[in-house]
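Counting starts at 1 for both ligands and their atoms, following the listed order. FYI, the numbering just counts along the sequence from 1. This structure is a prediction, so every number in the text was calculated from the model and none was measured.
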Amino acid sequence: MALRTIRIQGDPVLTKKCREITEITPKIRELIGDMLETMYDANGVGLAGPQVGVLRRLVVIDIGDGPIVMINPRILETEGEQTGDEGCLSLPGKAGCVTRPNYVKARAYDENMEEFEIEGTELLARAICHELDHLDGHMYTEKVEGALHEVTYEEEK
Ligand code: NI
């Protein structure tokens with residue numbers, strides 16, 4: 001596994017629509033491992049293909065409960081609303097207020113191309129919506145209410 005370079009907003013790759021993955025090739029398997037490693041290294045809770053320059057429908061998420069790999073994900077249901085700060089590894093040091101559903105049910109394939117459904121509320125619902133937007137070339141800044149603000153992260157002890 002290896003760290004990949006995280007693309008920063010302004011890079012055109014972040015505005016493109018991604019293609020579906022049809023089979024798990026060694027290259028896709030390597031990409032999944034690299035994306036997880038890159039996300040953990042950057043202390044992120046999610047990362048999508050375009051953020052490492054790969055226009056495929058693949059996201060990884062970990063809100064602290066273990067890694068979730070979602071291939072060709074789609075949202076089946078949403079419910080409610082939550083409004084709160086959101087950030088993105090493609091826009092380091094910034095955050096902004098975004099309203100998202102408070103509940104999301106999604107379907108995707110895992111790293112073995114087994115189909116699964118996932119339900120999430122709060123942070124997980126937010127992360128799923130945020131990462132899936134990347135697959136269609138969208139960033140949270142298009143949905144932000146008010147101005148972006150600077151964020152500083154406390155050093156981990
Ligand atoms: Ni993001």
With sequence neighbours left out, what residues match D62 under side-chain hydrogen bond (donor to acceptor under 3.5 Å, both in side chains)?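 Listed in chain order: Y40.
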With sequence neighbours excluded, tell me which residues meet side-chain hydrogen bond (donor to acceptor under 3.5 Å, both in side chains) with K105. none
List the steps, then state whether salt bridge (charged side-chain N to carboxylate O under 4.0 Å, His left out) holds for R57 with D136. CA-CA 9 Å; R57 302 191 80 82; D136 292 313; 3.2 Å; yes
In a check of side-chain hydrogen bond (donor to acceptor under 3.5 Å, both in side chains) between R100 and each of Q82, E122, E86, which one passes? E86
Which count of protein N, O or S atoms is obtained for distances strictly below 2.8 Å from the Ni ion (ligand 1)?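 Every protein N, O or S atom under 2.8 Å from the Ni ion (ligand 1) counted, the figure is 3.
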Just checking, any donor-acceptor pair under 3.5 angstrom between side chains of S90 and Q51? yes
Within residues 79-128 or reaching into it, pairs that qualify as ring-ring contact (aromatic ring centres under 6.0 Å, His included) - sequence neighbours excluded: none
